[in-house]
Amino acid sequence: MPALAAHRVLLLVGDSFSFRKVSGFSWVAPVRSSVRFFGRSSNESGHLTLASLGIKSEIETTSVNEKNKLSQGVSTIEVPRRRDKKVNMSGIKGVKKKERVDVEALAPFAAKSFSELGLPPLLIERLEREGYQVPTDVQAAAIPPILKNHDVVIQSYTGSGKTLAYLLPILSEVGPLKKDDEPRNKMDIEAVIVAPSRELGMQIVREFEKLLGPADKRLVQQLVGGANRSRQEEALKKNKPAIIVGTPGRIAEISAAGKLHTHSCRYLVLDEVDQLLAFSFREDLHRIIGHVGRRSGAGLPGANGPETTRADRQIIMVSATVPFSVIRAARSWGSDPLLVQAKNVIPLESVAPRAPLNPLGTSSDSNLGTNLQTQAPMSLPPSLKHYYSVTRIQHKVDMLRRCVHAVDAKCVIAFMNHSKKLKDAVFKLEARGMNAAELHGDLSKLTRSTILKKFRNGEVRVLLTNELSARGLDIPECDLVVNLELPTDSIHYAHRAGRTGRLGRRGTVVTICEEAEVFVVKKLQKQLGVCIEACEFTEGKLIVNEEEKT
Ligand SMILES: Nc1ncnc2c1ncn2[C@@H]1O[C@H](COP(=O)(O)OP(=O)(O)OP(=O)(O)O)[C@@H](O)[C@H]1O
């Protein structure tokens, strides 16, 4: 993970994004707000129309070569059914079974409960038992299309419940809570979930285990790096799990050793997909994409575009930030995928890149359309407050301490870019009587989980960390995020900031920077579309610097 941070440069355009604020978010009954397709429906029957998507032409889906063909005047889009469980379509070139998709069926505009989303009764019982009463917006939007076997890219802001958005449809089809009582072939792995860090992998496993309960938790197995590999292989043999959650390196390693048989797998989930596309994961990810759910290795993605033979698996890609590289990958790996946001469900085909795609403006997709607003990422929870404060480099840690007191924060995550500096910052805070600990990738798996446990239960007040903790980590109590060093770009800012303000809670984000770095904060502010106010910490209070307001 540190390597990931290291090979990002300070670029503030390109893969970065503008931000669209979602107002009036409430997680108590979030589904009351309507889920809508992009644009307005012009079709009384409720079918998904091109007009409703803001597109004037028909998108042909019958052949891969014709995917981008646009012709005037036809208004109904037919989205092919992703996977028919009774018919094995792998190996049948160019044949796609079409199913007319209507808006109501895909997006429950007014779902008030999980039962309206088509989940099985046993699963709903478990959800209620665990205290989940109402689906969040993104869950209401994502669950029906996944249940209808569509490949999807799920994008919504940090802490909005994306994990359950894919986990619930999987549990509807796999394991003891599923819809039907068809017996399972115990040799088959039915779902593979890939996450970029051990911590995130383990967190996802915990979510599965919570719903499955103690009797069935062995159905899920984690294959994360840093843990004993032969013990994981033994457990695979003994427990015969149906669901695998792991990091790319370990999954690819065990698969290459012939100990993991995923060819008939039904679901492949790439959580934090934009990070999984990073160069450091490329080789492992290529193996996973090429093997999971690929009977006889059919349908390997071609280097020059979409595959010609589809695999009998469903791919679900998830992140709060979806740069165009993800859209491109989803088109290549999926079959007519949909982009699911909390309030939109649209065919990915209709998404065009923000221009320019990279800071140099060397987009190779300049022929794509103009539906740019669908890239507006809505990556940050609207409940967050953003500030920055200026100080000299040698006073940063002291300012962090004053900031924690001024905000009266109980559970703080402070980010730096390099793990070597974390220890020094911990030392300085502890010397002033503030409980702090460092967390980074060079620590052993056991040390990492012990520190996280202490942080979760309040023994540690300030967690000093690097990009390792920026993605996916769910600590609902975290009430303050501090950038002790600037994030490398707006995407990194969004994921760091998103560790607080989870699921509608209040959260504060403070960036502590030097005078010479203020222009970077201003650029971040512009790209993210949020107000980052200048502030000072005086007499134990956070004082907004009115003069700095622009
Ligand atoms: N329907 C729900 N009702 C109550 N709590 C929920 C619901 N769905 C999810 N949560 C809780 O909300 C929190 C955030 O969920 P989750 O970690 O899935 O967010 P996320 O969108 O994946 O965030 P990130 O982008 O940071 O990974 C978790 O603690 C989860 O248990």
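Indexing begins at 1, ligand by ligand and atom by atom, following the structure's order. The basis for the numbers below is simple: all heavy atoms, side chains too, and nothing from hydrogens, waters or symmetry mates.
Close contacts of ligand 1 with Tyr157, meaning ligand atoms under 4.0 Å from a residue heavy atom, involve 21 (O). Counting atoms of ligand 1 from 1 in the listed order, those under 4.0 Å from a heavy atom of Ser160 are 19 (O), 20 (P), 21 (O). Listed by atom number, the atoms of ligand 1 under 4.0 Å from Val134 heavy atoms are 1 (N), 2 (C), 3 (N). Those atoms of ligand 1 that come under 4.0 Å of a heavy atom in Glu207, given as number and element, are 31 (O). For ligand 1 and Thr163, the ligand atoms under 4.0 Å from any heavy atom of the residue are 16 (P), 17 (O), 18 (O), 22 (O).
Looking at Tyr132 next to ligand 1, an N or O pair under 3.5 Å apart turns up. Checked against a 3.5 angstrom limit, the closest N/O atoms of Leu503 and ligand 1 fall outside it. The shortest N or O to N or O distance between Lys162 and ligand 1 is under 3.5 Å. By the 3.5 Å distance cut-off applied to N or O atoms, Phe114 is not counted among the residues near ligand 1. Any N or O atom pair closer than 3.5 Å counts here, and Gln139 shares at least one such pair with ligand 1. At under 3.5 Å, not a single nitrogen or oxygen of Gln133, backbone or side chain, sits near a nitrogen or oxygen of ligand 1.
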task: Could you walk me through whether Met202 and Lys445 pass the side chain to side chain contact (heavy atoms under 4.5 Å, CB included) test, one step at a time?
output: CA-CA 11 Å; Met202 294 189 301; Lys445 182 172 171 265; 3.6 Å; yes
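Counting only distance, with no hydrogens or angles, the side chain of Lys162 and the backbone of Tyr157 share a donor-acceptor pair below 3.5 Å. Although no hydrogens or angles enter the test, the distance criterion places a donor-acceptor pair under 3.5 Å between the side chain of Arg126 and the main chain of Leu212.
Salt bridge Arg206/Glu209: absent, no basic N to carboxylate O contact under 4.0 Å. Between Arg502 and Glu477 there is no salt bridge, since none of the side-chain N atoms of the basic residue sits less than 4.0 Å from a carboxylate O of the acidic one. Using a cut-off of 4.0 Å between Lys/Arg side-chain N and Asp/Glu carboxylate O, Arg471 and Asp274 are scored as salt-bridged.
For Glu272, the heavy-atom gap to ligand 1 drops under 4.0 angstrom. Heavy atoms of Arg499 come nearer than 4.0 angstrom to ligand 1 in at least one pair. Residue contact check for ligand 1: Gly498 places no non-hydrogen atom closer than 4.0 Å to it.
No more than 12 heavy-atom neighbours from other residues, nucleotides or ligands sit within 6.0 angstrom of CD on Glu283.
The part of Arg502 lying near ligand 1 is the side chain, judged by heavy-atom distances below 4.0 Å.
Not counting sequence neighbours, Lys396 has no partner by the side chain to side chain donor-acceptor pair (under 3.5 Å) test.
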